[in-house]
Chemist: 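Please see the structure below; I have some questions.
As the structure is a computational prediction, the values presented were derived from the model and not from experiment.
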Amino acid sequence: MDSGKSPTSVNSSINSPVYSFVAPSRSVKRPRPVKSCLECRKRKLKCDRVSPCSQCQKAQRACRYAAEGETVSLSDGSEAESSERTAKRNRPAMNPDPRQGSGGGANYAAVLEDHAARLERLERQLLARASSLAESGNVSAPRPTASSLTIRGLTVKGGLRTRFFGQSSTRVLVNLFDEAKEFMFSRNKSNDIKELFLSIQKIHRALQDEHRKVTAPITVFVDSMTPIQKRMADVLPSKAVCDTLLHIYLSGSETIYRVLHTPSFFSQYNRYWDGIPQPDAFLPKLLSILCVGYRFLGAGKGQYHDREGIHIPTASSLVRTWLDSLRGKQLVEFSTLQAEILQLMAQRMINPQNQETWTHLGLIVRMAMTMGLHRDPSEFGQKISPFWAEQRRKLWYTMLELDVHMSMQCNLPSCIREGDFTCLPPRNLNDDDIHPSIEQLPPSKPIDEHTDARIQVFAASTMSTRLKVVDIINRTDSLQDYQQVLELGNELERAFEDVRYVAPPASSKDRKIYQRQWLTRIVLDMHCRRPLLALYRRFALSSPDAPQQIMTGYLRSSMILLSYLDELDPASPDYHHIWHMHQLVLKQDILQAAFSVCYYMKQATGGSTSRESSTSDSNMMSESVEEACTMASESSVLLSLPRLKSTVQKVLDSMLRRIKEIGTDLRDIVSLTVVFNTSQGGTPEQKRDAIKAGVQAIVNAGLQAINASQEKINSMPIVPSSLLTPTGSTQRDFMQPFMAPDTPNAHMPDDFNSMWDIEFWNPFLPSGLS
């Protein structure tokens with residue numbers, strides 16, 4: 001199968017010093033003749049050796065046997081690693097004699113020395129681990145352990161207002177970096193650093209005020225006494241704009257999240273513009289679709305009222321008003337359920353609060369269950385036609401996808417568990433293949449054949465594994481060993497091999513086809529990569545005894561997720577649009593992966609573990625974590641330290657470019673900047689200078705975003721006038737995030753999560769407060 005490697009990547013692998021030496025001779029075993037088909041061989045299944053074989057017929061795969069003399073190479077692993085292995089195999093062996101040739105022979109001795117040093121160090125590490133196990137007499141598998149500070153957190157305000165944060169939150173991830181946290185929350189910053197943090201505080205407040213304004217609906221529409229259908233029609237843009245936004249939605253979202261039957265919706269859409277009245281649910285669905293499409297179109301779209309688009313806050317609010325007005329049997333209409341899901345997706349375009357989405361999604365899932373969508377339509381005899389049975393399956397698996405994704409983002413249990421439903425996955429068919437009057441569904445097409453449903457059908461095949469991952473990450477405290485984690489990890493790793501089979505690397509010369517092939521593969525890879533990262537994160541970043549498979553697999557997946565765009569040409573006309581969608585959809589995943597890469601950088605450069613201790617056990621754990629991270633970063637060119645550093649720097653640059661976008665939090669950017677510059681090693685002075693330069697870059701980008709000068713920022717008050725009471729005094733609850741307490745004895749919370757809200761924005765706290 002095509003590995004998708006370009007000549008450039010092959011040459012870069014060959015020219016790397018790591019691969020500039022090959023042993024002059026080695027024993028080669030004669031390969032056994034291949035009798036099984038390629039698919040059974042790849043999946044290690046028993047093949048009956050007929051054409052097509054029974055295994056391929058059962059799985060609806062193309063069955064192919066190796067031709068005589070054909071070289072068969074079937075190996076697992078990530079695409080990036082397979083590219084490196086191909087480069088190593090295809091590279092011509094170099095002459096080990098430095099006297100012959102004028103190329104790589106000159107560096108032969110140095111490279112050989114480097115390899116010998118690495119082997120010696122790995123040998124010492126393995127012997128040290130073996131001896132420590134022998135001395136302790138611990139032959140059983142270790143029980144997974146981790147500090148609670150690195151996997152969860154809780155903010156408490158006023159004693160009664162609380163919010164839970166899981167391992168994906170920046171508040172929790174920062175706990176992995178003691179040095180960075182100490183710098184950010186130190187009360188003894190130098191004056192120049194204090195001034196920078198004070199400027200960031202003011203820029204943050206200005207951006208937040210701007211976000212509140214642009215996300216507020218237009219009152220003339222939402223508070224009007226005009227009928228809701230008339231108000232929704234009034235905010236609708238022209239047909240030409242609607243055509244464009246509808247196409248963007250269909251190509252960008254209606255792939256894995258299948259809500260519509262496209263021909264049926266287009267039929268209603270065309271009749272609406274012809275002046276023919278449509279069902280009440282049509283306009284709410286159309287408005288939500290336009291909101292998603294306009295947000296996908298480009299940065300800042302949908303935040304302001306204009307004739308060339310749609311004002312997302314107003315449209316989303318009107319759809320919500322219509323949905324809240326439904327009563328009785330209207331609540332169990334299929335079109336109502338579609339409108340609820342589309343409105344949830346539209347609301348996330350301007351309010352990307354994961355926990356609110358998770359809560360609302362729970363209501364939608366239970367609404368669907370009361371309609372029986374969790375049971376397969378075949379259980380109800382002939383009551384449901386084949387067409388509507390297939391639409392119910394598509395919508396149910398869309399809710400499953402949303403549920404799994406939001407549960408992993410929030411680190412909270414999923415609404416749907418394995419065994420709670422019997423609904424079968426939809427068939428791999430085009431929407432044009434079925435229609436409301438069809439009497440029998442056509443057979444499903446092979447999974448490697450492109451259809452409208454292919455992405456969702458493939459994702460459904462991994463749903464069982466992903467539901468198990470969601471379950472296990474919410475009960476890791478009960479795990480006795482790593483066996484279940486490793487088994488699930490292996491299942492997901494095998495899914496990546498299937499992704500490369502279903503959607504091989506893009507190779508078309510046509511730009512549109514190339515981008516479609518790339519998008520298909522990235523969507524499929526992403527929905528398996530996310531659960532693998534969520535599964536491994538707690539152990540890779542917190543457990544001192546995590547298996548090397550977890551340590552290396554987590555870093556590799558983090559880097560692959562951060563490298564999705566590397567295959568596209570930045571000079572392409574559509575690159576900026578694709579880059580925007582990539583940042584919008586994967587914003588939180590990118591941030592988490594960047595923090596994770598910084599953790600490996602810190603450990604590989606000799607940093608300490610996140611929770612230091614003076615005991616000998618913790619020292620041994622520290623060495624173990626450092627060794628594991630070092631081995632992971634040396635296992636591949638993709639994971640080398642220079643590559644890690646350049647990748648995180650690209651993430652920071654992208655975040656600065658999107659600093660004005662809704663959902664961007666300056667605290668995330670500041671945290672990653674400080675963490676990144678303290679994880680690269682160096683003297684304290686070098687780290688401080690690097691942090692200062694990074695924070696200054698944030699200030700410069702922020703000033704440009706709010707269109708203000710440094711002098712204007714300096715003149716802004718620390719406490720906004722809106723927080724002043726009629727008597728002129730500040731309200732206590734709002735004063736603390738902006739100003740220092742009046743007296744040294746003022747109450748200061750001890751937990752870090754509260755500090756996140758107070759000291760982070762308060763560079764003038766006097767030292768010595770507790």
Chemist: List in chain and number order the residues that pass side-chain contact (heavy atoms from CB on, under 4.5 Å) with Ser169, two or more places apart in sequence or in another chain; answer none if no residue qualifies.
Modeler: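 Once residues adjacent in sequence are excluded, the partners of Ser169 under the side-chain contact (heavy atoms from CB on, under 4.5 Å) criterion are Phe165, Arg171, Val172.
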Chemist: Could you tell me whether Arg466 and Glu401 make a salt bridge, using a distance below 4.0 angstrom between a side-chain N and a carboxylate O?
Modeler: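 Yes.
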Chemist: For the CD atom of Gln592 and the CG atom of Leu586, what is their distance to the nearest 0.5 Å?
Modeler: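 Between atom CD of Gln592 and atom CG of Leu586 there are 10.5 Å.
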Chemist: Under a 3.5 Å cutoff, is there a donor and acceptor pairing between the side chains of Thr255 and Gln456?
Modeler: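 No, because no side-chain N or O of Thr255 sits under 3.5 Å from a partner of the opposite role on Gln456.
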Chemist: Charged N to carboxylate O below 4.0 Å: is that the case for Arg212 and Asp209?
Modeler: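 Salt bridge: yes.
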Chemist: Side chains of Glu254 and Thr262: donor-acceptor distance under 3.5 Å anywhere?
Modeler: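 Not at all, the side chains of Glu254 and Thr262 share no donor-acceptor pair under 3.5 Å.
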Chemist: Strictly below 4.0 Å, N to O, side chains only: are Arg667 and Asp665 in salt-bridge contact?
Modeler: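 Here Arg667 pairs with Asp665 in a salt bridge, since their nearest N and O are under 4.0 Å apart.
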Chemist: Can Arg454 and Asp431 be counted as an ion pair, charged N to O under 4.0 angstrom?
Modeler: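 No.
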Chemist: Does the pair Lys687/Glu179 count as a salt bridge with the N-to-O cut at 4.0 Å?
Modeler: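 Yes, Lys687 and Glu179 are salt-bridged.
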Chemist: Classify the side-chain pair Ser508/Gln517 by whether it contains a donor and acceptor separated by less than 3.5 Å.
Modeler: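 No, Gln517 and Ser508 have no side-chain donor paired with an acceptor closer than 3.5 Å.
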Chemist: Does Arg258 make a cation-pi contact with Tyr397 (under 6.0 Å, within 45 degrees of the axis)?
Modeler: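 Cation-pi check for Arg258 and Tyr397: fails.
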Chemist: Inspect the surroundings of CZ in Arg163 and state if more than 12 heavy atoms from other residues, nucleotides or ligands are less than 6.0 Å away.
Modeler: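 Count not over threshold, so no.
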Chemist: Taking it one step at a time, do Arg348 and Glu356 satisfy salt bridge (Lys or Arg N to Asp or Glu O under 4.0 Å)?
Modeler: CA-CA 9 Å; Arg348 279 185 57 78; Glu356 292 182 16; over 6 Å; no
Chemist: Flag yes if more than 12 heavy atoms outside Lys587 fall under 6.0 Å of its NZ atom; otherwise flag no.
Modeler: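 Yes - once you tally the heavy atoms of other residues, nucleotides and ligands closer than 6.0 Å, there are more than 12.
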Chemist: Kindly state whether the ring of Trp579 and the ring of His582 have centres lying under 6.0 angstrom apart.
Modeler: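 They do not qualify: ring centres at least 6.0 Å apart.
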Chemist: With sequence neighbours left out, write down each residue that passes side-chain contact (heavy atoms from CB on, under 4.5 Å) with Ala690, or none if nothing qualifies.
Modeler: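 side-chain contact (heavy atoms from CB on, under 4.5 Å) check on Ala690 returns Asn677.
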Chemist: Is any side-chain heavy atom of Ile578 closer than 4.5 Å to one of Gln515?
Modeler: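 Yes, at least one pair of side-chain atoms sits under 4.5 Å.
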Chemist: Let me see the working for Tyr536 and Leu555 under side chain to side chain contact (heavy atoms under 4.5 Å, CB included), right down to the final yes or no.
Modeler: CA-CA 10 Å; Tyr536 283 170; Leu555 177 60; over 6 Å; no
Chemist: Do NZ/NE/NH1/NH2 and the carboxylate oxygens of Arg295 and Glu661 come within less than 4.0 Å?
Modeler: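 Result for this pair is yes, salt bridge flagged.
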Chemist: Using the rule given for salt bridge (Lys or Arg N to Asp or Glu O under 4.0 Å), can you reason through Arg530 versus Asp525, listing the C-alpha separation, both sets of side-chain angles and the distance that settles it, and then say yes or no?
Modeler: CA-CA 9 Å; Arg530 277 171 167 167; Asp525 183 275; over 6 Å; no
Chemist: Taking it one step at a time, do Glu567 and Arg521 satisfy salt bridge (Lys or Arg N to Asp or Glu O under 4.0 Å)?
Modeler: CA-CA 12 Å; Glu567 300 175 34; Arg521 186 167 53 82; 2.3 Å; yes
Chemist: Does the plane of the ring in Tyr599 sit parallel, tilted or perpendicular to the ring in Phe177? Use 30° and 60° as the thresholds.
Modeler: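 Perpendicular: the ring planes of Tyr599 and Phe177 meet at over 60°.
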Chemist: Which pair of heavy atoms, one from Ala346 and one from Cys291, lies closest together, and at what distance?
Modeler: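 That closest heavy-atom pairing would be CB-CB, 3.8 Å.
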Chemist: Establish, from distance only, whether the side-chain atoms of Asn700 and Gln704 form a donor-acceptor pair under 3.5 Å.
Modeler: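 The criterion, which ignores hydrogens and geometry beyond distance, is not satisfied for Gln704 and Asn700.
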Chemist: Would you please say whether a donor-acceptor pair under 3.5 Å links the side chains of His580 and Arg658?
Modeler: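 His580 vs Arg658: donor-acceptor pair found between side chains.
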